[in-house]
Amino acid sequence: MNTNFSSRLARHGLVSAAVAALAVPAAVVGLAAPASANAACGVVGSNLDGSAYVRQTAGVAANMRSGSSTSCGITGYADNQNALNYYCFTYNTSGASWTYLKNETDGTYGWVSDSLLPKDAGGVRGSRYYCGF
C-alpha cells in the first residue's frame, strides 16, 4: 500500500510540492538573521529612544565603549546614579544586546552592555529601539 500511495503522490507532483514547501521556510529563516549584528568600534547610534532618562543603579559602574564589544576602547563610564539617555540598541556578535547612550551627568557617549544597565519602569534593560545594525 505504501508503494501505491507514494506513486500517486509522485504522479500528481505532490512530492515535489511538499519538498519545495519545506525548502522555502528554511531559506527564509536563513535570510532572517542579520549578516552583521553589531556596532563596530567607532560606530555611533542614532537617538531613536525618546523615553525619560534613567539613573544608573546605586553602587554600579559600567564602561562605555566605542562599539558593542569589550574589545572596543572605553569612552566613558556610566557610574553610580548617573543620568543616562538611551539612544538605541544593537546586538554584538555573541547575541548580547548593547545600548548606545549619552551620560547626561558628564556628557560622554558610548555603548554599554544591557546586562549592566538598570531596568526601566517596564522591566527592560537598555533602549527599546533597535539601531538597525
Side-chain angles (χ1 to χ4, degrees):
M1 183 177 225
N2 284 342
T3 305
N4 188 21
F5 180 73
S6 297
S7 64
R8 276 192 275 159
L9 288 176
R11 184 176 21 195
H12 295 291
L14 296 176
V15 171
S16 298
V19 169
L22 292 173
V24 170
V28 171
V29 170
L31 296 174
S36 176
N38 69 324
C41 300
V43 173
V44 299
S46 297
N47 191 355
L48 304 176
D49 192 332
S51 61
Y53 302 157
V54 297
R55 293 243 177 233
Q56 179 63 300
T57 307
V60 175
N63 293 332
M64 295 169 57
R65 297 187 175 272
S66 65
S68 61
S69 169
T70 56
S71 65
C72 294
I74 296 172
T75 60
Y77 304 95
D79 288 325
N80 180 28
Q81 296 294 306
N82 286 162
L84 306 177
N85 183 3
Y86 296 160
Y87 278 31
C88 62
F89 79 91
T90 192
Y91 298 100
N92 68 7
T93 55
S94 301
S97 59
W98 286 60
T99 291
Y100 187 75
L101 58 86
K102 179 181 181 186
N103 182 334
E104 294 290 340
T105 304
D106 64 14
T108 57
Y109 295 82
W111 293 94
V112 177
S113 173
D114 286 352
S115 65
L116 302 173
L117 294 173
K119 292 180 181 177
D120 65 13
V124 174
R125 293 183 189 275
S127 178
R128 293 174 181 258
Y129 295 87
Y130 182 59
C131 296
F133 53 84

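- When the ring pair (Phe, Tyr, Trp, His ring centres under 6.0 Å) test is applied to W98, no partner is found at least two apart in sequence or on another chain.
- Applying the ring pair (Phe, Tyr, Trp, His ring centres under 6.0 Å) test to Y86 and every residue at least two apart in sequence or in another chain returns nothing.
- Contact detail for A62 and V112: the closest heavy-atom pair is CB-CG1, 3.9 Å.
- Between R128 and D120 the shortest side-chain heavy-atom distance falls below 4.5 Å.
- Between S97 and D114, the shortest heavy-atom distance links the atoms OG-OD2, 2.8 Å.
- Test D49, T99, N85 against S127 for side chain to side chain donor-acceptor pair (under 3.5 Å) and you get one pass: D49.
- L84 and A78 make their closest contact through CD2-CB, 3.9 Å (heavy atoms, listed as atom of the first residue, atom of the second, distance).
- R65 contributes a side-chain N or O that, together with a main-chain N or O of T70, makes up a donor-acceptor pair within less than 3.5 Å.
- The heavy-atom pair separating Q56 from P118 by the smallest distance is OE1-CD, 3.1 Å.
- We find the OG1-CG distance between T108 and L101 to be 8.0 Å, quoted to the nearest 0.5 Å.
- Hydrophobic clustering of Ile, Leu, Val, Met, Phe, Trp and Tyr side chains at less than 4.5 Å, counting indirect connections, unites V54 with L116.
- Both Y87 and V43 belong to a common hydrophobic cluster when Ile, Leu, Val, Met, Phe, Trp and Tyr are linked at side-chain heavy-atom distances under 4.5 angstrom.
- Side chains of T90 and Y130 form a contact here, defined as non-hydrogen atoms less than 4.5 Å apart.
- Ring geometry for W111 against F133 counts as perpendicular: the plane angle is over 60°, on a 0 to 90° scale with 30° as the lower cut.
- Judged purely by atom type and a 3.5 angstrom limit, S69 uses its side chain to pair as donor or acceptor with the backbone of S71.
- Distance check, rounded to the nearest 0.5 Å: OH of Y100 to OG of S66 gives 9.5 Å.
- In plain terms, the two heavy atoms of C88 and S46 that are nearest each other are SG-O, 3.5 Å.
- One distance of note links OH of Y129 with OG of S51; it measures 7.0 Å at 0.5 Å rounding.
- Side-chain contact annotation: S68 with N38, donor-acceptor N/O pair under 3.5 Å absent.
- Residue pairs satisfying the side-chain hydrogen bond (donor to acceptor under 3.5 Å, both in side chains) criterion with at least one member in residues 74-83, sequence neighbours excluded, are listed as follows: N82-N103.
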